[in-house]
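Below is one structure, written out as structure tokens; the observations come after it.
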Protein chains: 2
Amino acid sequence: MNSGRYAGAVSEALWDRSRCSVAGTLAVVGEKWSLLVLREAFLGVRRFADFQRVLGAPRAVLTDRLNTLVDHGVLRRVPYQAEGERQRYEYRLTEKGIDLHPALVALMAWGDKYLAGDGEVPLELRHRDCGEPVHQVLVCEAGHQLSGARDVRPVPRVPAG
Amino acid sequence: MNSGRYAGAVSEALWDRSRCSVAGTLAVVGEKWSLLVLREAFLGVRRFADFQRVLGAPRAVLTDRLNTLVDHGVLRRVPYQAEGERQRYEYRLTEKGIDLHPALVALMAWGDKYLAGDGEVPLELRHRDCGEPVHQVLVCEAGHQLSGARDVRPVPRVPAG
DNA sequence: GACCTGAGTTCACTTGACGAACTTCCTCGC
DNA sequence: GCGAGGAAGTTCGTCAAGTGAACTCAGGTC
């Protein structure tokens, strides 16, 4: 046994996977279409029919994903009434939902780097104030900017006991 | 019609979803278990049996996910031979895989904020050099640090034509 | 030669995704 | 009042994907 011990590896015993935050987040937004629904939400889409049209997802799936996201407080249903129409609900991001923005930015950045053909990035993110392109970086609380994943050391927090 | 036009929304016509980088990235790492496999890879796990044990994923699914990630160049198979054992392969992150680190960090940060009970973050990321906790921020090329998603303006790049 | 272990593969079963058709509730034009 | 129309689902049959247990296979030990 002992096949799991490598130089630099986080000891398995000290690190309880069952409460991993990545797994927890994926339990909320990891199903098919969920993150794409959120992408559209960040781009301003709010109504069921619009999600359905731009995504092409099956209605039943879309209904389920929207309800799930509402249940988790990532979206909220807001009543609205267009003239000449009955009252309906639209789906808007909550603060909790807006906090998923970095995850979408990170996924998008990777796709831009590895999947976009010859620099043809489909969507660019710019600073609203100055118009310059933005990108994600890691900084530490001492103010250093990290150059990449290799500058990071994962430290398990052992629950009391 | 026209239900899809909102103040601040990115015009639908100008934005071709079919080549969205988020969707493209999810096509590579969006299946069940893929991102959890990568999380373990970042923590030092390399061998099939170890992935299987720490994740608890079905063997068949794990086989498929590892192969898919290798096919996409996110992991690579490296032969190794432990003493008293035959030659086997282990799975290591490539540069392309390491570049998915920000996505995992972002997902983890959200889970830490919204899912962890009373500040009991299961895993902390620290600067390898100075030991201070790290976090992700958005900066623009003019050097400003953005305060959140609301400071970002998405700009579709219309393909030539 | 019998046994062990890592890394799969196969199989029966359950869950989830899919597309098309159907339902409901409301508004509009007549 | 009455039928048409549309947004937002729901239902349904089918197909793909995930699951856990059992089986396979190669090379090593005893």
Side-chain angles (χ1 to χ4, degrees), chain A residues 1-6 9 12 17-18 23 26-37 40-41 45-71 75-92, chain B residues 1-6 9 12 17 23 26-37 40-41 44-71 75-92:
Chain A
M1 51 170 12
N2 245 343
S3 56
R5 206 147 308 151
Y6 308 97
E12 291 174 24
R17 264 83 173 173
S18 73
L26 289 175
V28 176
V29 299
E31 286 175 300
K32 210 169 179 181
W33 297 108
S34 293
L35 283 167
L36 297 177
V37 165
E40 296 303 329
V45 173
R46 292 180 181 173
R47 300 185 190 177
F48 185 92
D50 293 329
F51 283 111
Q52 212 273 316
R53 182 164 36 80
V54 299
L55 293 175
R59 285 172 146 71
V61 175
L62 191 52
T63 302
D64 180 80
R65 290 313 108 90
L66 288 168
N67 288 338
T68 301
L69 292 171
V70 169
D71 289 347
L75 298 177
R76 69 199 153 101
R77 298 179 60 158
V78 179
Y80 76 96
Q81 190 154 19
E83 70 280 36
E85 285 182 15
R86 64 170 161 152
Q87 173 176 308
R88 299 177 191 286
Y89 291 91
E90 59 184 19
Y91 300 87
R92 295 201 199 180
Chain B
M1 51 168 10
N2 246 342
S3 54
R5 209 147 305 154
Y6 308 96
E12 291 174 26
R17 265 82 172 171
L26 290 175
V28 176
V29 298
E31 286 174 299
K32 212 169 179 180
W33 299 107
S34 293
L35 283 167
L36 297 178
V37 165
E40 296 302 329
V45 173
R46 291 178 180 173
R47 299 184 191 177
F48 185 93
D50 293 329
F51 283 112
Q52 212 274 314
R53 183 163 36 81
V54 300
L55 292 175
R59 286 172 145 70
V61 174
L62 191 52
T63 301
D64 181 80
R65 289 315 107 90
L66 289 169
N67 288 337
T68 300
L69 292 171
V70 169
D71 288 348
L75 298 178
R76 68 198 156 101
R77 290 169 57 112
V78 179
Y80 76 97
Q81 189 154 21
E83 69 280 37
E85 285 183 16
R86 65 169 162 155
Q87 171 175 307
R88 297 178 192 286
Y89 290 93
E90 59 184 19
Y91 299 87
R92 296 201 198 181

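Everything numeric in this text was worked out from a predicted model, so none of it was measured. Protein chains get the first letters and strands the later ones, always in sequence-line order, with residue 1 at the start of each.
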Pairing residues for B:Tyr89 by the side-chain hydrogen bond (donor to acceptor under 3.5 Å, both in side chains) criterion, not counting sequence neighbours: none

Compute the bend angle of the helix from C:dG1-D:dC30 to C:dC30-D:dG1 from the end axes (five pairs per end), rounded to 10°. 0°

Side-chain polar contacts of residues 60-68 of chain B - donor-acceptor pairs under 3.5 angstrom, sequence neighbours left out - could you list them?
unit_1	atom_1	unit_2	atom_2	d
B:Thr63	OG1	B:Arg59	O	2.9
B:Arg65	NH1	B:Lys32	O	2.9
B:Asn67	ND2	B:Thr63	O	3.2
B:Thr68	OG1	B:Asp64	O	2.8

Of all heavy-atom pairs linking B:Trp33 and B:Pro58, the shortest is NE1-CD, 4.2 Å

Kindly write out the residues that satisfy side chain to side chain contact (heavy atoms under 4.5 Å, CB included) with B:Arg92, not counting sequence neighbours, or none if the list is empty. B:Arg46, B:Arg76, B:Val78, B:Glu90

Separation of C:dT9 C1' from B:Asn67 CG (nearest whole Å): 12 Å

Mind checking what makes side chain to side chain contact (heavy atoms under 4.5 Å, CB included) contact with A:Gln81, not counting sequence neighbours? A:Gln87

With DNA chain C as reference, determine whether A:Gln87 or B:Arg88 sits nearer its 5' end, using the nearest nucleotide of each. B:Arg88

A:Tyr91: side-chain hydrogen bond (donor to acceptor under 3.5 Å, both in side chains) partners, not counting sequence neighbours: none

Given atom CG of B:Leu26 and atom C1' of C:dA17, what is their separation to the nearest angstrom? 16 Å

To the nearest angstrom, the CG-P distance between A:Leu62 and C:dG16 comes to 17 Å

Does A:Tyr91 put a side-chain nitrogen or oxygen below 4.0 Å from OP1 or OP2 of D:dG9? yes

Minimum heavy-atom distance A:Ser34-A:Val29, with the two atoms named: CB-O, 3.4 Å

Round to the nearest Å and state the distance from B:Asp50 atom CG to C:dT5 atom P. 15 Å

Quick check: on DNA chain C, is the nucleotide nearest A:Gln81 upstream (toward 5') of the one nearest A:Glu31, or the reverse? Name the residue that is more 5'. A:Glu31

Please report the distance, rounded to the nearest Å, between CZ in A:Phe48 and P in D:dG6. 17 Å

Whole-Å gap separating C1' (C:dT10) and CG (B:Asp64): 15 Å

Heavy atoms from C-beta onward define the side chain here; which of D:dG18, C:dG8, D:dG9 lies closest to that of A:Thr63? D:dG9

Measure CZ/A:Arg65 against C1'/C:dC18 and give the value in whole Å, please. 12 Å

Where do B:Leu75 and B:Ala41 come nearest, in terms of heavy atoms and distance? CD2-CB, 4.4 Å

Can you tell me if B:Tyr80 touches the phosphate of C:dA7, counting only side-chain N or O atoms and a distance under 4.0 Å to OP1 or OP2? yes

Determine the contact category for B:Phe51: base if any of its heavy atoms lies under 4.0 Å from a base atom, sugar-phosphate if only primed atoms, P, OP1 or OP2 are that close, otherwise nothing. nothing

Rounded to whole Å, please give me the gap between CZ in B:Arg47 and P in C:dG8. 13 Å

A side-chain contact here means heavy atoms from C-beta on lying under 4.5 Å apart; do B:Asp50 and B:Arg53 qualify? yes

Within the sub-3.5 Å range, which N or O atoms of nucleotides 19-25 of chain D have a protein N or O partner, and how far apart are they?
unit_1	atom_1	unit_2	atom_2	d
D:dT19	OP1	B:Lys32	NZ	3.3
D:dT19	OP2	B:Trp33	NE1	2.6

